[in-house]
There are 2 protein chains.
Amino acid sequence: MITIKDIARVAGVSHTTVSRALNGNPLIKKETRDRIEKIAAEMNYIPNYSAKSLVMKKSYTIGLFFSSIDQGTTASFLVDAIKGIHHVLDENYSLTVHGIDSIQHFDAIMPQRFDGILVMSQSDEDNAFIYHVKKMCIPLVVLNRQLEDTGIMNVVANDRIGVMEAIDYAASQGHSRFAIIEGRAGFKSSIERKQGFIDSLIAHRLPLIPEYFAAGDYAVESGYTAMCSLLALPEPPSIVFCANDDMAIGAMNACYAQGITIPEQLSLIGFDDIVFARYTNPALTTIHRPVADISKLGTTKLIELMKDPDTPPQQLFVNTTLMVRQSVAAV
Amino acid sequence: MITIKDIARVAGVSHTTVSRALNGNPLIKKETRDRIEKIAAEMNYIPNYSAKSLVMKKSYTIGLFFSSIDQGTTASFLVDAIKGIHHVLDENYSLTVHGIDSIQHFDAIMPQRFDGILVMSQSDEDNAFIYHVKKMCIPLVVLNRQLEDTGIMNVVANDRIGVMEAIDYAASQGHSRFAIIEGRAGFKSSIERKQGFIDSLIAHRLPLIPEYFAAGDYAVESGYTAMCSLLALPEPPSIVFCANDDMAIGAMNACYAQGITIPEQLSLIGFDDIVFARYTNPALTTIHRPVADISKLGTTKLIELMKDPDTPPQQLFVNTTLMVRQSVAAV
DNA sequence: ATGGAAAATGCACACGTGAAAAATATTTCA
DNA sequence: TGAAATATTTTTCACGTGTGCATTTTCCAT
């Protein structure tokens, strides 16, 4: 491996000059710089990141942390996040992926190892981690879950409003017996989506019926189970809002199994707009959650924060979009 | 940040002794070691990985490379891979995720930055990258795509045999007019799955009908399109094998659209066994691809290789499993 | 006690880089 | 032409860690 010292020897200058030349330091005469850059290129010089890290106290690493990699995180969510970040992130940063639930010692999370951290947060339980990062003064952006603390950069989709729009739409189609299959207990998104559901019903002066609130955990299977229990009610709902598409697919399946046709006998609304949503039968009307956009914006903000740690924290909202397809009937 | 020198001062020894004590070097007296370890713990010492890296020429980083993050890589594939790896990987290694297609300069891929590399390979086009890694002498395991070169550690599912089993099963159900919707051109998996399809038909002395070979690219939409063209044939097939589940879902959708019922009028087989496969209507009969198992085994092998670079390379096969559900009818 | 081997520890340096301070070269101005 | 001012480069040191070799301490057999 060749180093700046090797280049210095060839160029007949000191290694410091080489370092400066290669890092765009204005103290170097233009012709010297050009000559050194040429030599460096010819010698195929590649900087040693370990050495750089040691002296600069930078790691050239961005950490992406999910609440959990195994549980409650749908595949498309994780992938869209990674895609979004890669889209914005400079090539000489590398992105490491972690699950908060599998971290043994927070001590290993320190400025030395991460220039910046993105937390794809789903639950309050991440707070311990988030505050550790903050205490360590590592530039931090929390994505996807709205924080009470306005001292932290935060990028989220406005789930609640997204749901309200969807319910408004369904109400405009004449529906009045609304049920919900809720998300995983403890997840902020579950609460928000439920609240949007409730708010919209209240705004339309529709009744909140306790039996129409079914528990779920974001997994496909839980949608199936919850739908079965809803269908077993003496008077089933005319429309069911599922807190994510995975559960909506499970729910749809339960309907097939019981010979209920969608949307004629029962309407269905999902949340997320995963790839498969447009390929269910009928195609699922759902709320598009802009995970990739959130990730992109979050990464942009993180980069700002790394450049200038005093950038004032903001709470940024990214809009959801209602995707009207075929799973809601007019009644 | 506290360093071994700080500990040395407190313990009244040299930093060398501290370094040795903390790294389990046998030259240190047991009681000295115990004392130093105690002090280190009390002082909350955390080693500086940059310095370690510099001196040890290790990075404590494993790179996971996909052919592409954006294209042709399904979400569940990426996620299952990450999960599998995390399951095996030691906590003080971090995992970075990359798309080969977005690497600008291979020069940045060097031993200094990666202790080991896992390539989730889908296409021959990855070879340039793979050989670069090999040339750099970075411990390497290639997953998912079978290589001709037996000099590289390689873990793959036996796609071909998996497909053959599935076609055998379908033949045993009385089918004889078999069609295929192929995977993305250029991907090894596409070729293997197609070959399994062909081999099985030949073994059953069934005809290979050119019109029954439809092109696809692993995306849901391409399954839809391909199925439309198959259904437009004067004499459509009685069963269609789709090279992955995503396309099978697209294909299923095309059937809905044209009022063809599955499996009564047309049978369908997928490949991968994604989460949603059991929730299609009817549930999709498919071939389970053990991505997580491949990743786990591959990671284990990579760790072996990192410990002892002379570990002889192997080609390891992980079995697929036929998941019989409801999309294939007996005729 | 004493020599000598064995065990334990310390010294000095290396890794590749960047930065402050010092040195040298060049330009400017009177 | 010479001093002051400025531009450029070099010297020296630091970052935190591990290692070969020298040094000290310990222990045992004499």
Side-chain angles (χ1 to χ4, degrees), chain A residues 1-40 43-61 92-93 107-108 110-115 136, chain B residues 1-40 43-61 92-93 107-108 110-115 136:
Chain A
M1 271 300 99
I2 87 135
T3 74
I4 53 173
K5 287 184 184 169
D6 299 326
I7 298 177
R9 202 173 316 116
V10 173
V13 297
S14 76
H15 80 271
T16 307
T17 303
V18 177
S19 170
R20 291 212 179 97
L22 263 29
N23 289 318
N25 187 309
L27 290 180
I28 302 297
K29 208 198 311 185
K30 176 153 183 358
E31 55 190 83
T32 312
R33 173 194 314 282
D34 291 346
R35 191 162 53 88
I36 290 177
E37 279 177 348
K38 184 149 163 286
I39 295 174
M43 294 179 75
N44 253 308
Y45 168 71
I46 305 151
N48 180 319
Y49 277 79
S50 306
K52 257 188 138 88
S53 297
L54 179 59
V55 90
M56 306 286 281
K57 296 171 191 323
K58 280 192 58 174
S59 61
Y60 299 94
T61 299
N92 49 21
Y93 276 90
D107 297 335
M110 45 179 165
Q112 197 175 91
R113 297 202 74 175
F114 298 97
D115 288 348
M136 289 278 143
Chain B
M1 268 303 97
I2 87 137
T3 73
I4 53 172
K5 288 184 184 170
D6 300 325
I7 298 177
R9 203 174 315 116
V10 173
V13 297
S14 75
H15 79 273
T16 307
T17 303
V18 176
S19 170
R20 292 209 177 102
L22 262 31
N23 289 318
N25 187 309
L27 290 180
I28 303 297
K29 209 200 308 184
K30 176 153 184 358
E31 55 191 83
T32 312
R33 152 168 304 121
D34 290 347
R35 192 162 53 91
I36 291 177
E37 278 176 349
K38 185 148 163 285
I39 295 174
M43 296 180 73
N44 254 308
Y45 168 71
I46 304 152
N48 181 319
Y49 276 80
S50 306
K52 260 186 135 87
S53 296
L54 180 58
V55 123
M56 307 287 283
K57 297 173 190 322
K58 279 192 61 174
S59 61
Y60 300 93
T61 299
N92 49 21
Y93 277 90
D107 297 336
M110 46 178 163
Q112 196 175 91
R113 296 202 76 175
F114 297 98
D115 288 347
M136 290 279 143

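Chain letters run A, B, ... following the sequence lines, proteins first, then strands; residues in each count from 1.
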Peer 1: Mark yes or no for whether B/Ser59, through its side chain, and B/Asp115, through its backbone, hold a donor-acceptor pair below 3.5 Å.
Peer 2: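 Flag set: sc B/Ser59 to bb B/Asp115 pair under 3.5 Å.
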
Peer 1: Could you grab the distance from atom OG1 of B/Thr16 to atom CD1 of B/Ile4, nearest 0.5 Å is fine?
Peer 2: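 Going from the OG1 atom of B/Thr16 to the CD1 atom of B/Ile4 covers 7.5 Å.
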
Peer 1: Rounded off to whole Å, could you give me the NZ-to-P distance for the B/Lys58 and D/dT17 pair?
Peer 2: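 These atoms are roughly 16 Å apart.
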
Peer 1: So does B/His15 reach the base of C/dG10 with its side chain, donor to acceptor, closer than 3.5 Å?
Peer 2: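 It does not, because no donor-acceptor pair links the side chain of B/His15 to the base of C/dG10 below 3.5 Å.
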
Peer 1: Name the residue closer to the 5' end of DNA chain C, choosing between B/Lys29 and A/Pro47 according to the nucleotide with the nearest heavy atom.
Peer 2: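 Mapping each residue to its closest nucleotide by heavy atoms, the 5'-most match is B/Lys29.
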
Peer 1: Taking atom CE of A/Met43 as the centre, does the number of heavy atoms from other residues, nucleotides or ligands within less than 6.0 Å exceed 12?
Peer 2: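 More than 12 heavy atoms, drawn from other residues, nucleotides or ligands, come within 6.0 Å of this atom.
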
Peer 1: What does B/Met1 touch in the nucleic acid at a heavy-atom separation under 4.0 angstrom: a base, only the sugar-phosphate, or nothing?
Peer 2: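 The answer is nothing, as B/Met1 stays clear of every strand by at least 4.0 Å.
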
Peer 1: In whole angstroms, how far is the P atom of D/dG16 from the CD1 atom of B/Ile46?
Peer 2: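 Taking atom P of D/dG16 as the reference, CD1 of B/Ile46 is at 13 Å.
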
Peer 1: Which part of the nucleic acid does B/Leu54 contact within heavy-atom distance under 4.0 Å: base, sugar-phosphate only, or nothing?
Peer 2: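 Answer is base: heavy atoms of B/Leu54 come under 4.0 Å of a base.
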
Peer 1: Using only atom types and a distance under 3.5 Å, with no angle test, would you say the side chain of B/Arg33 pairs donor to acceptor with the backbone of B/Asn25?
Peer 2: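 Yes; judged by distance alone, with no hydrogens or angles, the pair exists.
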
Peer 1: A/Lys57 side chain: which of C/dT17, D/dC15, D/dG18 is closest?
Peer 2: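 Of the candidates, D/dC15 comes closest.
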
Peer 1: May I ask you to verify whether the side chain of A/Ser50 and the base of C/dC15 hold a donor-acceptor pair under 3.5 Å?
Peer 2: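 Flag unset: no donor-acceptor pair detected.
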
Peer 1: Does D/dG18 have OP1 or OP2 under 4.0 Å away from a side-chain N or O of B/Lys52?
Peer 2: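 Looking at the OP1 and OP2 atoms of D/dG18, one of them is under 4.0 Å from a side-chain N or O of B/Lys52.
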
Peer 1: Please report, rounded to the nearest Å, how far the P atom of C/dA25 is from the CD1 atom of A/Ile28.
Peer 2: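 Going from A/Ile28 (CD1) to C/dA25 (P), I get 16 Å.
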
Peer 1: Both A/Thr32 and B/Asn48 contact DNA chain D. Which one's nearest nucleotide lies toward the 5' end?
Peer 2: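 It is A/Thr32, whose closest nucleotide lies nearer the 5' terminus.
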
Peer 1: Measure CZ/B/Arg35 against P/C/dA8 and give the value in whole Å, please.
Peer 2: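 That distance rounds to 14 Å.
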
Peer 1: Nearest to the side chain of B/Ile4 - C/dT9, D/dT17, C/dG16?
Peer 2: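 Ranking C/dT9, D/dT17, C/dG16 by closest atom to the B/Ile4 side chain puts D/dT17 first.
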
Peer 1: Heavy atoms from C-beta onward define the side chain here; which of D/dT9, C/dG16, D/dG18 lies closest to that of A/Val55?
Peer 2: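 Taking heavy atoms from C-beta onward, the closest nucleotide is C/dG16.
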
Peer 1: With a 4.0 Å cut-off on heavy atoms, is B/Thr16 in touch with a base, just the backbone sugar-phosphate, or nothing at all?
Peer 2: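 The residue B/Thr16 makes base contact.
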
Peer 1: Answer with base, sugar-phosphate or nothing: what part of the nucleic acid does A/Ser14 contact at a heavy-atom distance below 4.0 Å?
Peer 2: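 The answer is base, as A/Ser14 lies within the cut-off (heavy atoms under 4.0 Å) of a base atom.
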
Peer 1: Please determine whether any donor N or O and acceptor N or O are separated by less than 3.5 Å between the side chain of A/Arg20 and the base of D/dT10.
Peer 2: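 In this structure, the two groups form a donor-acceptor pair.
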
Peer 1: Can you tell me which nucleotide in D/dG16, D/dT9, D/dC15 comes closest to the side chain of A/Thr17?
Peer 2: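 For the A/Thr17 side chain, the nearest candidate turns out to be D/dT9.
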
Peer 1: Contact class for B/Asn23 (heavy atom, under 4.0 Å): base, sugar-phosphate, or nothing?
Peer 2: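 Sugar-phosphate only.
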
Peer 1: For A/Tyr45, which contact category applies under a 4.0 Å heavy-atom criterion: base, sugar-phosphate, or nothing?
Peer 2: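 Sugar-phosphate, no base atom in range.
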
Peer 1: Atom CD1 of B/Ile7 and atom CD1 of B/Ile36: how far apart are they, to the nearest 0.5 Å?
Peer 2: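 One finds 8.0 Å between CD1 of B/Ile7 and CD1 of B/Ile36.
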
